[in-house]
Amino acid sequence: MLEKNFDPKSFEKKFLFDEEAARRNENAEPFMILLPPPNVTGSLHVGHSLCYTLQDIVARYKRLKGYDVLFQPGLDHAGIVTQLLVEKQVYERGIPKGSLTREALLEEIWAWKEKSGCQILGQMKVLGISCDFSRLRFTMDEGSQKAVAKLFVNLYDDSLIYRGERMVNWDPLIRSAISDLEVIEKEIDGNLWHLKYKLQDSEDFITVATTRPETIFGDVAVAVNPADERYKDFIGKTVLVPLINRPVQIIADEYADPAKGSGAVKITPAHDFNDFEVGKRHNLPASNIMNANGELDGDVPEAFQHMDRFAARKLVVELMEKEELVVKTEKIKHKVPFGDRSGVMLEPRITRQWFIDAAKLAVPAIEAVKNGDIKFTPKHWENLYFEWMNNIEPWCISRQIWWGHRIPAWYGPDGQVFVAENIQEAWKKATTFYGKDNIKLVQDEDVLDTWYSSGMWPFVTLGWPENTKDLQRFYSNMLVVTGFDIIFFWIARMIMMGLHANVTLDPLNASRASEVYATSLKLDSFSGASKTYASSTFGVEAASAKVNARAARTPFRNVYIHALVRDEKGNKMSKSKGNVIDPLKLCDVYGADALRYTLASMASPGRDIKMGQQTVEIGRNFLTKLWNAVRFAQMNDCASYNKEFDVNSVEHPFAKWIVHKIRNMITDIENSLDNYRFDEAARHIYQCVWNSFCDWYMEFIKPILQSASDSKDEIREVTSWAILQFVRVLYPIAPFISKKLSEDIGVGEMAWPDANAITLDCNDSVQKIDGLQNIISSVRSIRKFMGIPPSEKLEVNIETADPKLQDVFGEYKEILLRMAGISAVDKLEGQSIPLVLDGIVIHIRFDGKISVQSEKERLNNEIKKLMKDKDNALNRLNNNDFLQKASEEVVQEHRDRVESINEKISKMEYIINVLNLTPPAFI
RNA sequence: GGGCGCAUAGCUCAGCGGUAGAGCACUACGUUGACAUCGUAGUGGUCGUAGGUUCGAUCCCUGCUGCGCCCACCA
């Protein structure tokens with residue numbers, strides 16, 4: 001027996017570590033959900049809870065549907081974030097900055113990871129996320145390390161990874177290169193300084209505008225537009241860079257925009273992306289004047305050596321002001337690049353880094369989405385994917401930090417690079433190269449971008465590079481659920497790396513594992529993606545052989561992009577704004593199920609989720625309602641599972657009616673969940689439980705349960721059955737309460753209901769009950785209108801010529817009386833008033849409780865409304881085009897509508913006439 | 001500058017080529033043995049704007065406005 005109060009805490013703990021995840025079936029269709037591995041530093045925020053809940057709903061649903069579901073959890077080592085965090089803790093312990101060795105820091109991080117790095121896993125369990133935690137992987141575990149090195153070597157061998165000196169975005173705080181995606185453009189207040197650059201051997205000068213005066217020491221030219229009349233005579237002349245008097249040329253370059261600044265721009269190739277390009281065009285040297293910390297360095301005056309860039313900026317301006325070289329200082333707002341993680345202003349910097357030739361890998365990855373091998377939901381996110389992929393830049397994968405996958409490259413004494421999976425392999429290569437052994441090799445100091453190992457997640461978690469059974473079974477049969485901001489970082493990289501990885505297709509499993517890439521391993525049998533991929537990577541001739549060996553497959557088929565969770569005002573949640581909602585607190589107050597239900601119900605596509613504390617009450621209230629309904633059923637012996645019960649055998653119209661509602665609910669929910677419409681699924685169960693089952697069915701059956709009716713047993717059985725169906729369809733969304741209730745009603749294993757097995761013909765009953773509902777609602781409505789208190793029973797006399805409705809009245813008289821608060825009599829005494837319904841008139845005795853006038857008013861209002869509807873329909877029916885072009889059904893529907901309105905109106909008008917003639921009597 | 005999304009009741013949002021929907025809020029009534037985290041009945045909308053397609057448009061198409069976002073550029 002359920003407790004009177006619905007208290008999620010009383011049972012959620014009990015099912016916390018439910019074993020569903022382990023429910024695997026090797027004979028069933030494989031289905032995998034790849035959980036986006038949270039950062040090892042992470043703790044559950046409300047965005048996670050949405051993302052994880054949606055996947056968990058799919059996972060549980062698919063399990064019930066009989067799939068062999070692998071819900072793969074993991075943790076991401078999150079290079080920069082984690083290192084920053086642990087470093088900070090170490091410094092707080094009093095260990096001086098910079099005194100830790102690489103090995104010591106790594107030891108600290110590993111220790112921290114083991115001790116407190118995985119708290120999010122426990123929080124996921126509170127939320128009921130049914131990952132197979134026994135398969136937990138870490139992006140830096142041994143398997144990942146091997147796989148990362150292996151793929152690196154593959155990519156290097158295929159010339160898709162290379163090392164080069166390039167200008168990259170440099171983070172002076174982290175002291176590392178970062179990728180373009182980790183750059184955040186922020187609009188800030190700044191100054192545009194107009195500075196005088198004096199011409200050599202002349203008192204004349206040219207005004208150069210810059211926002212970054214501290215970089216003048218790196219100036220190697222001044223550029224003007226060749227078409228700019230103002231500066232025509234300056235081209236080719238030499239100016240002196242202020243403060244250092246370095247002579248540089250005035251060059252003509254299209255890059256200089258006459259409309260911007262002064263029209264003359266200083267060229268500092270080592271410290272600006274555009275200047276770098278200009279420098280290349282004009283063969284100018286790149287003079288680097290800044291170190292990794294963002295301090296001035298190199299060819300700068302003594303006073304500026306090792307001065308911070310911002311201090312240097314100030315000093316340069318001061319000195320130039322003293323020399324009266326500042327023409328004007330313009331206050332401007334401009335966008336400046338900042339580091340996503342560090343929050344500091346970035347510096348363009350020329351460094352030697354490792355890159356992935358993303359443009360090449362993108363070709364098959366674009367094709368895979370274009371040809372539908374991979375589908376995004378909602379589909380419009382594919383545009384964003386294409387937009388980025390079509391303009392993709394080389395991916396800088398090296399980071400100058402310590403926490404991460406060390407780049408598997410070793411250097412010989414002469415700097416010769418050997419890329420190999422491990423030092424032994426590197427030695428072998430070195431021995432061959434130098435023709436002698438005992439070569440001293442030094443490993444590259446850098447580590448890989450965190451997203452490199454994340455990009456390999458789909459196959460690494462399945463055991464790659466080993467050709468495991470899991471890899472054969474689950475690779476490609478995957479769903480990934482994530483936020484739109486992760487499409488570039490993760491989704492795109494997984495597709496690119498997945499298509500390149502050597503995920504061979506075992507012919508035996510081919511037909512099962514891949515619908516798109518056919519059973520044969522011949523090139524001809526492959527669709528666009530792998531073909532394009534093969535030819536773009538290896539050339540058309542070599543493609544066949546390589547593809548035969550590689551049999552590239554997409555890692556997954558479906559990508560669901562979920563919404564952003566905002567606060568109730570629609571603001572992005574952030575710690576600094578203080579509007580962050582803690583999902584664990586919500587679980588504590590309302591229960592995890594309530595949170596899950598609420599998130600699901602709000603997950604409609606194309607709209608962000610605005611959520612406040614109270615929003616979760618929607619879910620909590622619904623679950624309370626269900627709880628109480630089951631409790632009522634229990635009190636009446638209507639909540640125990642009977643395996644023998646055959647729902648197709650029920651006869652009572654109420655039973656058939658609820659069976660019909662539930663059958664529709666099941667198929668509706670299936671359609672919704674199959675299309676990732678979590679909001680619809682949540683709504684369907686809500687409406688069926690609340691509006692059909694609680695509001696009507698339970699009221700219908702109360703008199704039967706309290707009587708000695710013959711139907712009592714059947715009603716009990718079907719009520720138990722109904723509850724069981726609710727518990728089952730609710731399970732994916734709200735597993736805790738489902739488990740609790742199913743335990744209470746004595747169900748063993750959870751399963752998905754089979755709507756097709758319900759073959760009962762319910763139409764007749766549905767029609768009757770609809771009629772009954774209509775009568776009850778109408779009587780309630782008129783009673784309210786008349787202001788008759790519910791405690792007072794109304795005497796009514798019911799007349800109808802419709803045999804169907806006569807049946808209804810005959811069969812459900814007791815229900816009708818009870819629910820509408822009436823008592824039916826053959827003959828009314830005293831004053832009465834007629835109420836016109838569809839095909840039925842109910843005469844109600846009211847004994848002067850309302851005025852005739854107000855009843856006439858009411859009827860006239862009703863008629864007005866009906867006339868409007870009627871005119872609407874008549875207008876169409878009078879239109880020849882409508883009659884000719886609209887479908888037969890629609891036309892007939894309109895005719896029927898007009899007819900039934902006419903009937904109603906004429907009855908009402910008749911009543912009004914009678915009311916006009918006489919004081920109401922027995923009408 | 002290029003692109004994407006959104007605009008429906010006071011609020012939050014569904015919906016849809018053929019009579020405009022839910023929850024919350026609001027109004028009135030109600031504690032009848034499941035449930036006040038509740039029940040019953042209501043109030044409330046020319047579906048952002050202007051055109052077009054159509055027999056018919058809130059829905060499809062185009063322009064516009066407003067809001068949000070992404071990418072690029074910015075001396």
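Here is how names work: the chains are called A, B, and so on, in the same order as the sequence lines, proteins then strands, and each is numbered from 1. Remember, predicted model here, so these are calculated numbers, not experimental data.
- One P atom belongs to B:U40, the other to B:A25, and the distance between them is 15 Å to the nearest Å.
- For A:Ser781, a side-chain nitrogen or oxygen approaches OP1 or OP2 of B:G42 to under 4.0 Å.
- Within 4.0 Å (heavy atoms only), A:Glu393 reaches no atom of the nucleic acid at all.
- Comparing A:Ser601 and A:Ser887 by the nucleotide of RNA chain B that holds the closest heavy atom to each, the one mapping nearer the 5' end is A:Ser601.
- Straight-line distance between the P atoms of B:A28 and B:U19: roughly 34 Å, to the nearest whole Å.
- In this structure, A:Ala633 and A:Thr719 approach most closely via the heavy-atom pair CB-CG2, 4.4 Å.
- We find the SG-CG distance between A:Cys638 and A:Leu705 to be 4.5 Å, quoted to the nearest 0.5 Å.
- Atom pair A:Asn675:CG and B:A14:C1' shows a separation of 16 Å (rounding to whole Å applied).
- Across all strands shown, nothing is found opposite B:G44 as a Watson-Crick or G-U wobble partner with both distances under 3.5 Å.
- Atom CD of A:Gln613 and atom C1' of B:C11 are 18 Å apart (whole Å).
- Here A:Asp869 lies in heavy-atom contact (under 4.0 Å) with a base.
- Using a 4.0 Å heavy-atom cutoff across all strands shown, A:Arg783 reaches no nucleic acid atom at all.
- Nucleotide B:G23 holds its P atom 16 Å from the CD atom of A:Glu617, rounded to whole Å.
- Straight-line distance between the P atoms of B:U46 and B:G5: roughly 28 Å, to the nearest whole Å.
- For A:Lys610 and B:A7, the NZ to C1' distance is 11 Å, given to the nearest whole Å.
- Put simply, A:Lys625 has a side-chain N or O that comes within less than 4.0 Å of OP1 or OP2 on B:G39.
- Side chain of A:Asn621, nearest nucleotide from B:C38, B:A75, B:C13: B:C38.
- Here the nucleotide nearest the side chain of A:Arg897, chosen from B:U19, B:A75, B:U37, is B:U19.
- Closest to the A:Glu893 side chain, of the nucleotides B:G39, B:A14, B:G18, is B:G18.
- Of all nucleotides listed (B:A75, B:G18, B:C35), B:C35 comes nearest to the side chain of A:Arg631.
- Comparing atom distances between the A:Tyr255 side chain and each of B:C55, B:A75, B:A34 picks out B:A75 as nearest.
- Residue A:Arg780 places at least one side-chain N or O under 4.0 Å from the OP1 or OP2 atom of B:A41.
- Summarising the geometry, the separation between CD on A:Glu680 and C1' on B:A22 is reported as 13 Å, rounded to the nearest angstrom.
- The two residues A:Ala639 and A:Val630 have their closest heavy-atom pair at CB-O, 4.3 Å.
- Straight-line distance between the P atoms of B:G1 and B:G63: roughly 16 Å, to the nearest whole Å.
- Under the 30°/60° scheme for interplanar angles, the aromatic rings of A:Phe622 and A:Trp690 are found to lie parallel.
- Rounded to whole Å, the P atom of B:C59 lies 26 Å from the corresponding atom of B:G2.
- Within the 4.0 angstrom heavy-atom criterion, no nucleotide atom of any strand lies near A:Ala873.
- In the interface, the side chain of A:Lys784 is paired with the base of B:A28 through a donor and an acceptor atom under 3.5 Å apart.
- Nucleotide B:U58 forms a pair with no other nucleotide shown, judged by Watson-Crick or G-U wobble geometry with both contacts under 3.5 Å.
- A:Phe693 and A:Phe726 make their closest contact through CG-CE1, 3.5 Å (heavy atoms, listed as atom of the first residue, atom of the second, distance).
- Here the straight-line distance linking atom CD of A:Gln614 with atom CD of A:Glu617 works out to 5.5 Å at 0.5 Å rounding.
- At a cut-off of 3.5 angstrom, the base of B:U37 holds at least one donor-acceptor pair with the side chain of A:Arg620.
- Atom CG of A:Asn875 is separated from atom P of B:U19 by 14 Å (rounded to the nearest Å).
- Pair assignment for B:G1 gives B:C71, based on Watson-Crick or G-U wobble hydrogen-bonding distances that are each under 3.5 Å.
- Scanning all heavy atoms of the two residues, the minimum distance from A:His194 to A:Glu330 falls at NE2-OE1, 2.8 Å.
- Nearest-nucleotide assignment on RNA chain B puts the 5′-proximal partner with A:Val183, out of A:Val183 and A:Leu192.
- Base pairing of B:U53 is not made with any nucleotide, judged by Watson-Crick or G-U wobble geometry with both donor-acceptor distances under 3.5 Å.
- The nucleotide whose nearest atom lies closest to any side-chain atom of A:Tyr686 is, among B:C73, B:G23, B:G18, B:G23.
- Atom CG in A:Asp253 sits roughly 16 Å away from atom P in B:A75 (whole-Å rounding).
- Around the NZ atom of A:Lys712, the shell of radius 6.0 Å holds more than 12 heavy atoms that belong to other residues, nucleotides or ligands.
- Dashed line: the shortest gap from a side-chain N or O of A:Trp627 to OP1 or OP2 of B:U37 is not under 4.0 Å.
- In terms of heavy atoms, A:Gln634 sits closest to A:Leu2 at OE1-N, 2.8 Å.
- Here the side chain of A:Arg607 is nearest to one of B:C35, B:G18, B:U8, namely B:U8.
- Residue contacts shown for A:Met698 include a base, since a base heavy atom lies under 4.0 Å away.
- Taking the six-membered ring for Trp and thresholds of 30 and 60 degrees, A:Tyr676 and A:Phe678 have ring planes inclined between 30 and 60 degrees apart.
- Distance from the side chain of A:Ser777 is smallest to B:A41 among B:A41, B:A75, B:C35.
- The side chain of A:Asn383 lies closest to B:C4 when the candidates are B:C4, B:A41, B:A75.
- Nucleic acid contact class of A:Glu387 (heavy atoms, under 4.0 Å, all strands): base.
- Comparing the C1' positions of B:C4 and B:G56 gives a spacing of 32 Å, expressed to the nearest Å.
- Note: NE2 (A:His334) to P (B:A72) measures 18 Å, nearest angstrom.
- Ring-centre distance between A:Phe6 and A:Trp627: below the 6.0 Å cut-off.
- Nucleotide B:A14 is matched to nothing when pairs are restricted to Watson-Crick or G-U wobble geometry with both distances under 3.5 angstrom.
- Counting non-hydrogen atoms under 4.0 angstrom, A:Glu185 reaches a base of the nucleic acid.
- Contact detail for A:Met602 and A:Thr615: the closest heavy-atom pair is SD-CG2, 3.3 Å.
- Taking atom C1' on both B:C13 and B:U58, the two are 16 Å apart, rounded to the nearest angstrom.
- Within 4.0 Å (heavy atoms only), A:Lys4 reaches sugar-phosphate atoms of the nucleic acid but no base atom.
- Base pairing analysis places B:C38 opposite B:G30; the two distances defining the Watson-Crick or G-U wobble pair are each below 3.5 Å.
- Here, B:G23 and B:G42 have their P atoms 13 Å apart, quoted to the whole Å.
- When the nucleotides B:U37, B:C4, B:C13 are ranked by their closest atom to the side chain of A:His380, B:C4 comes out on top.
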Take nucleotides 60-69 of chain B nucleotide by nucleotide from the 5' end and write B, S or -, depending on whether a protein heavy atom sits under 4.0 Å from the base, only from the sugar-phosphate, or from neither. --------S-
